[in-house]
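For reference, the structure discussed in these notes is given below.
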Amino acid sequence: MPLLLTRRRAAAAVLTTALLVPLAACGNDAPGTGKGKDSASSTTPPDAASGAPKADLTVLAASSLTDVFKKAGAAYEKENPGTKVTFSFAGSQELAAQVKQGAPADALVTADTKTMDGLSGETGTPTVIAKNRLVIAVGEGNPEKVGNLKDLADTKLKVVLAAPEVPVGRYSKQIIDARKIAVKPVSQEPNVRAVLSKVELGEADAGLVYRTDAETAPDKVDAIDIPDAENAVASYPAATLKGSKHSEAAAAFVAWLSTPAAQKILQGAGFQQP
């Protein structure tokens, strides 16, 4: 009898242990996920405060966004601890070339819809986040007394424009051709900031730039308004890149650009509502 009792107790102990093992395994599951704490995931868990996944993002952005995006990026990082946003600024046509060449990046913002549309196979669905208009940038105090677009036809003026393949260059050509004005630029620059720089340094008497660019150098250039009927409206679409290794985080940043917080920053820099 004692020997039989001992065997029964041993069997009971083995059975109890077998039942407890799966229960212990279930206890390691993260709440509400059905997955263990150590289960692998390709996406970093979202930040508790914002819901945006943490990541180091690279954003390709048009040159005219240089100043405002530095502020926007800092604001986004503050709202999303653990996320870092690095910008690469250039003319939209240069950015498009980088995307086609497979440059490692997560999102793209161009200064026109034409360039973005040409990359439809490389991007997610774009969203226009802001708009802009052109002005005539002249030296501080307007020493040459430039008053309107027609004055740019004066052969005594050194006028600089962006190259026609650049969005601002295309917009410039559009409004000049519409008024049938014969302008002979002394140079055609690769982006809008290069045009602004020429005027700032006195290497040009006048140039066509975005309003927001002229506002970044109030002590060096004056902006001559162009009437809406003679002007062009630049649209800024933003999209994720399909080659991004941080697709969810990139989508969160692109979506944030349309939020009130981001729009306040953009409009504070002179950009118009999308």
(request) Taking the side chain as every heavy atom from C-beta outward, state whether Ser247 and Thr240 have any pair of such atoms under 4.5 Å apart. (result) no
(request) Could you tell me the separation between the OG1 atom of Thr86 and the CD atom of Glu77, rounded to the nearest 0.5 Å? (result) 7.5 Å
(message) Applying side-chain hydrogen bond (donor to acceptor under 3.5 Å, both in side chains), can you list everything that pairs with Glu203, at least two apart in sequence or on another chain?
(response) Lys198
(message) On a heavy-atom basis, which atom in Leu257 and which in Leu266 lie closest, and how many Å separate them?
(response) O-CD1, 4.1 Å
(request) Check step by step if side-chain contact (heavy atoms from CB on, under 4.5 Å) holds for Val59 and Leu108. (result) CA-CA 6 Å; Val59 179; Leu108 170 70; over 6 Å; no
(request) Kindly indicate, with the supporting measurements, whether the criterion side-chain contact (heavy atoms from CB on, under 4.5 Å) is fulfilled by Ser235 and Asp112. (result) CA-CA 5 Å; Ser235 295; Asp112 67 334; over 6 Å; no
(request) Taking all non-hydrogen atoms of both residues into account, name the closest pair between Ala72 and Trp256 and its distance. (result) O-CH2, 3.4 Å
(request) Measure up the Phe89 and Phe69 rings against each other and bin them: parallel (under 30°), tilted (30 to 60°), perpendicular (over 60°). (result) tilted
(message) With side chain to side chain contact (heavy atoms under 4.5 Å, CB included) as the test, pick out the partner of Leu208 among Val159, Val192, Leu149.
(response) Leu149
(message) How about NZ on Lys100, more than 12 heavy atoms from neighbouring residues, nucleotides or ligands closer than 6.0 Å, or not?
(response) no
(request) Using a strict cut-off of less than 4.0 Å between a Lys/Arg side-chain nitrogen and an Asp/Glu carboxylate oxygen, indicate whether Lys184 and Asp154 qualify as a salt bridge. (result) no
(request) Could you grab the distance from atom CG of Leu119 to atom NZ of Lys242, nearest 0.5 Å is fine? (result) 11.0 Å
(request) Kindly compute the distance separating CD1 (Ile226) from CZ (Arg179), expressed to the nearest 0.5 Å. (result) 10.5 Å
(request) Quick one: do Glu189 and Ser187 satisfy side chain to side chain donor-acceptor pair (under 3.5 Å)? Show the steps, please. (result) CA-CA 6 Å; Glu189 302 299 320; Ser187 69; 2.7 Å; yes
(message) The criterion is salt bridge (Lys or Arg N to Asp or Glu O under 4.0 Å); which residues satisfy it with Asp228, sequence neighbours excluded?
(response) Arg133
(request) Side-chain contact test, heavy atoms from C-beta onward, threshold under 4.5 Å: evaluate it for Val146 versus Asp205 and give yes or no. (result) no
(message) Run the side-chain contact (heavy atoms from CB on, under 4.5 Å) test on Gln98 and Ser88 for me, step by step, so that the C-alpha distance in whole Å, both residues' side-chain angles and the decisive distance to 0.1 Å come before the verdict.
(response) CA-CA 11 Å; Gln98 291 177 32; Ser88 178; 4.2 Å; yes
(message) Any side-chain to backbone donor/acceptor pair from Asn191 onto Ala194? Under 3.5 Å, distance only.
(response) yes
(message) Could you work out, with side-chain hydrogen bond (donor to acceptor under 3.5 Å, both in side chains) as the rule, every residue matching Ser244, not counting sequence neighbours?
(response) Asp106
(request) Would you name the heavy atoms of Val199 and Ala206 that are closest together and state the gap between them? (result) CG2-C, 4.0 Å
(request) Write down the atom of Arg193, the atom of Asp67, and the distance for their closest heavy-atom approach. (result) NH2-OD2, 2.5 Å
(request) Mind checking the CD-CG spacing from Glu122 to Leu241? Nearest 0.5 Å is all I need. (result) 8.0 Å
(message) My understanding is that only one of Thr127, Ile129, Leu95, Leu60 makes a side chain to side chain contact (heavy atoms under 4.5 Å, CB included) with Val109; could you say which?
(response) Ile129
(message) Just verifying a value: how many Å separate Glu200 CD and Lys220 NZ, rounded to the nearest 0.5 Å?
(response) 5.0 Å
(request) Could you pull out the closest heavy-atom pair between Ser63 and Gly91, with the gap in Å? (result) OG-N, 3.4 Å
(request) Answer with yes or no whether the hydrophobic clustering places Ile176 together with Leu196; edges join I, L, V, M, F, W, Y residues whose side-chain heavy atoms lie under 4.5 Å apart. (result) yes
(request) State yes or no: are the ring centers of Phe271 and Tyr210 separated by less than 6.0 Å? (result) no
(request) Answer yes or no: is there a donor N or O on one side and an acceptor on the other, between the side chain of Asp222 and the main chain of Val138, under 3.5 Å? (result) no
(message) Do the side chains of Glu165 and Arg170 get close enough for a salt bridge, i.e. N-O under 4.0 angstrom?
(response) no
(message) Tell me if a side-chain donor or acceptor on Asp151 pairs with a main-chain N or O of Gly147 at a distance below 3.5 Å.
(response) yes
(request) List for me each residue that meets side-chain hydrogen bond (donor to acceptor under 3.5 Å, both in side chains) alongside Thr212, sequence neighbours excluded, and say none if there are none. (result) Asn132
(request) Assess whether side-chain contact (heavy atoms from CB on, under 4.5 Å) is satisfied between Asp225 and Arg211, documenting all intermediate values. (result) CA-CA 8 Å; Asp225 286 334; Arg211 178 186 302 280; 3.0 Å; yes
(message) Do Ile136 and Val168 land in one hydrophobic cluster if side-chain heavy atoms of ILVMFWY residues count as linked below 4.5 Å?
(response) yes
(message) Under 4.5 Å between side-chain heavy atoms, counting indirect links through other Ile/Leu/Val/Met/Phe/Trp/Tyr residues: same cluster for Val186 and Val183 or not?
(response) no
(request) Sequence neighbours left out, what passes salt bridge (Lys or Arg N to Asp or Glu O under 4.0 Å) with Asp56? Give chain and number order. (result) none
(request) Quick one: list whatever passes side-chain hydrogen bond (donor to acceptor under 3.5 Å, both in side chains) with Ser197, sequence neighbours left out. (result) none
(message) With a 4.5 Å cut-off on side-chain heavy atoms, are Val221 and Glu140 touching?
(response) no
(message) Can a donor-acceptor pair be found, under 3.5 Å and without considering hydrogens, that links the side chain of Thr115 to the backbone of Thr110?
(response) no
(request) Before giving the answer on side chain to side chain donor-acceptor pair (under 3.5 Å), spell out for Thr113 and Tyr236 the whole-Å C-alpha distance, their side-chain angles and the decisive distance to 0.1 Å. (result) CA-CA 7 Å; Thr113 56; Tyr236 290 73; over 6 Å; no
(message) If I compare all heavy atoms of Phe87 with all of Gly73, which pair ends up nearest, and what's the gap?
(response) CE1-CA, 3.8 Å
(message) Quick check: do Ile265 and Val68 have side-chain heavy atoms less than 4.5 Å from each other?
(response) yes
(request) State the CD-CD distance between Gln263 and Gln273, to the nearest 0.5 angstrom. (result) 7.0 Å
(request) Report yes if the side chains of Asn142 and Ile224 come closer than 4.5 Å at any heavy-atom pair, otherwise no. (result) yes
(message) Do Pro53 and His246 have side chains that approach each other closer than 4.5 Å (heavy atoms only, starting at C-beta)?
(response) no
